[in-house]
Amino acid sequence: MFPNSPPSSIDELLQRAEQLAGLTLGELAHSANIRVPKDFKREKGWSGQLLELALGAQAGSKAQQDFANIGVELKTIPIDANGNPLETTYVCYAHLTNVAGSQWQTSSVRNKLGKVLWVPIDGRRDIPPSERCIATPFLWSLHGQQEQYLRQDWEEIMDMIAMGEIESITARHGEYLQLRPKAANGSALTDAIGQNGQIVQTRPRGFYLRKEFTGKILADYFA
DNA sequence: GGGTGATCATTG
DNA sequence: CAATGATCACCC
């Protein structure tokens with residue numbers, strides 16, 4: 001059965017996570033009487049929510065780490081047969097106003113990625129979700145050159161947001177961290193800084209890690 | 001609407 | 001055919 005309380009230490013979290021390696025999503029879901037969708041067309045976050053339950057993360061939405069008591073964020077990541085990421089990784093919502101004076105050290109990107117429990121899961125679309133296998137979860141921390149790469153991209157993007165250039169930022173900006181739409185649909189609007197410093201309406205955005213970045217994390221671990 | 005969990009699907 | 005831009009479900 002799934003734990004009903006969060007892990008009280010990183011060791012406990014890792015112990016829980018290691019128990020999941022090798023299981024299929026179907027086996028894990030079945031153990032808790034959870035039904036598995038045929039595909040993820042209408043339940044895109046299903047894998048992540050299943051893993052939250054299986055590891056005892058607090059359900060629901062909160063703007064901080066999944067395991068705030070031990071400072072760890074949980075990220076599932078879909079991989080192909082070679083262990084390479086199949087999708088970019090969502091990090092957090094991007095605030096588009098009141099960004100003057102934002103510092104990397106206190107940014108939500110850095111806070112979210114400080115410590116991450118990565119759970120690679122077979123994401124091949126030609127395999128039904130129920131048969132997709134959970135690989136070996138591992139703990140990773142953001143530091144050194146990887147942090148500098150993200151910081152550089154983040155500062156470039158935040159500068160553009162602060163300068164009122166939100167509409168000229170595309171997903172092509174940023175070597176490893178990119179800004180993309182993040183909303184329920186195309187009609188969602190939020191405040192942003194306009195070209196003359198005024199408030200304008202734009203599509204909500206989120207920060208995402210490019211596959212090259214997460215691919216390196218996976219390669220470093222499994223090398 | 002803002003935020004969590006992400007993958008989908010159109011297109012360059 | 002990978003990547004960008006769009007979208008799905010749920011919570012508050």
Side-chain angles (χ1 to χ4, degrees), chain A residues 2 6 20 25 28-29 32 34-68 72-82 84-99 107-109 111-113 116-130 132 134 137 153 157 161 166-192 199-215:
Chain A
F2 288 173
L20 308 180
L25 294 178
L28 183 58
I34 296 171
R35 66 158 263 288
V36 185
K38 290 185 182 62
D39 57 48
F40 293 143
K41 283 181 170 62
R42 303 194 66 83
E43 294 175 68
K44 300 180 181 180
W46 187 88
S47 300
Q49 307 207 315
L50 178 67
L51 268 291
E52 284 185 350
L53 289 172
L55 294 171
Q58 324 283 24
S61 60
K62 41 190 184 314
Q64 289 312 308
Q65 294 138 323
D66 295 290
F67 303 100
V72 175
E73 171 74 7
L74 171 66
K75 285 292 177 198
T76 61
I77 183 166
I79 56 171
D80 66 16
N82 301 123
N84 294 314
L86 282 165
E87 296 285 351
T88 55
T89 299
Y90 172 68
V91 180
C92 62
Y93 196 83
H95 294 99
L96 305 178
T97 59
N98 300 319
V99 297
S107 69
S108 48
V109 172
N111 179 63
K112 271 296 182 69
L113 298 179
V116 178
L117 178 70
W118 294 101
V119 183
I121 302 175
D122 190 340
R124 289 175 289 177
R125 291 196 196 179
D126 56 352
I127 297 179
S130 65
R132 296 186 192 175
I134 300 168
D153 290 338
I157 292 168
I161 292 171
I166 183 64
E167 292 301 349
S168 64
I169 303 175
T170 75
R172 295 168 187 80
H173 286 85
E175 299 247 4
Y176 300 103
L177 184 73
Q178 60 181 177
L179 196 72
R180 305 219 307 273
K182 170 61 173 169
N185 56 63
S187 61
L189 291 173
T190 192
D191 287 351
I199 296 296
V200 297
Q201 297 290 110
T202 191
R203 298 173 353 271
R205 314 297 165 91
F207 285 105
Y208 295 79
L209 298 175
R210 289 190 185 278
K211 287 188 280 187
E212 289 73 11
F213 190 82
T214 49

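Worth knowing before you read on, the calculation uses all heavy atoms, side chains too, and leaves out hydrogens, waters and symmetry mates. In the text below, chain A, chain B and the rest are named by the order of the sequence lines, each starting its count at 1.
Rounded to an integer number of Å, the gap from CG of A:N185 to P of C:dG5 is 17 Å. Between the CG atom of A:L53 and the C1' atom of B:dG5 there is a distance of 11 Å, given to the nearest Å. The nearest whole Å value for the distance from the CD atom in A:Q49 to the C1' atom in B:dT4 is 8 Å. The distance between atom CG of A:D66 and atom C1' of B:dG3, rounded to the nearest whole Å, is 13 Å. The CD1-P distance, from A:I157 to C:dT4, rounds to 12 Å in whole Å. Here B:dG1 presents its C1' atom at 10 Å from CG of A:D191, a figure rounded to the nearest Å. Between the P atom of B:dT7 and the CZ atom of A:R42 lies a distance of 17 Å, rounded to the nearest Å. Rounding to whole angstrom units, CZ of residue A:R203 and C1' of B:dG1 are separated by 16 Å.
Residue contacts for A:H95: at a heavy-atom cut-off of 4.0 Å it reaches the sugar-phosphate backbone alone, with no base atom in range. Residue-level contact check: A:T170 touches the backbone only, with heavy atoms under 4.0 Å from sugar-phosphate atoms and none from bases. Residue A:P78 is classed as a sugar-phosphate contact, given heavy-atom separations below 4.0 Å to backbone atoms only. Counting any heavy atom pair closer than 4.0 Å across all strands shown, A:L51 reaches no nucleic acid atom. At the heavy-atom level, A:K182 lies under 4.0 Å from base atoms of the strands shown. Backbone-only contact: A:F40 has heavy atoms under 4.0 Å from sugar-phosphate atoms and none from a base. Counting any heavy atom pair closer than 4.0 Å across all strands shown, A:E73 reaches sugar-phosphate atoms only and no base atom. Among the atoms of the strands shown, base atoms are found under 4.0 Å from some heavy atom of A:G45.
A close approach under 4.0 Å does not occur between any side-chain nitrogen or oxygen of A:S47 and OP1 or OP2 of B:dT7. Listed pair A:K75 / B:dA6 meets the phosphate criterion, a side-chain N or O lying under 4.0 Å from OP1 or OP2. Regarding contacts with the backbone of C:dG5, every side-chain N or O of A:R180 stays at 4.0 angstrom or more from both OP1 and OP2. Within the 4.0 Å cut-off from OP1 or OP2 of B:dG2, at least one side-chain nitrogen or oxygen of A:T190 is found. Taking only side-chain nitrogens and oxygens, A:Y90 never comes nearer than 4.0 Å to OP1 or OP2 of B:dG5. The side chain of A:K112 places an N or O atom within less than 4.0 Å of a non-bridging phosphate oxygen (OP1 or OP2) of B:dG5.
A:R210 places a side-chain N or O within donor-acceptor distance of the main-chain N or O of A:G174, the cut-off being under 3.5 Å.
Across its full length, the helix from B:dG1-C:dC12 to B:dG12-C:dC1 shows an angle of 30° between the axes of its 5 terminal pairs at either end, rounded to 10 degrees.
Salt-bridge annotation for A:E87 and A:R125: present, with a side-chain N of the basic residue lying under 4.0 Å from a carboxylate O of the acidic one.
Side-chain to base pairing of A:Y208 with C:dA3: no donor and acceptor N or O lie closer than 3.5 Å to each other. Side-chain atoms of A:K44 come within donor-acceptor range of the base of C:dT7, with a qualifying N/O pair under 3.5 Å.
Counting non-hydrogen atoms of other residues, nucleotides and ligands closer than 6.0 Å to CG of A:N98 gives a total of 12 or fewer. Atom CD of A:E167 has more than 12 heavy atoms from other residues, nucleotides or ligands within 6.0 Å.
Side-chain contact between A:L113 and A:L209 is present, with at least one heavy-atom pair separated by less than 4.5 Å. A heavy-atom distance below 4.5 Å is not found between the side chains of A:F213 and A:T89.
Expressed to the nearest 0.5 Å, how far CG of A:L51 lies from CG of A:D66 amounts to 10.5 Å. Taking CD1 of A:I34 as the reference point, atom CH2 of A:W46 lies at 7.0 Å (rounded to 0.5 Å).
The side chain of A:K41 approaches B:dA9 more closely than any other nucleotide in the set B:dA9, C:dT4, C:dA2.
A donor-acceptor contact closer than 3.5 angstrom links the side chains of A:R180 and A:T88.
Summary of the strand contacts: A:R125 and A:P204 both lie near DNA chain B, and taking for each the nucleotide with the nearest heavy atom, the more 5' one is attributed to A:P204.
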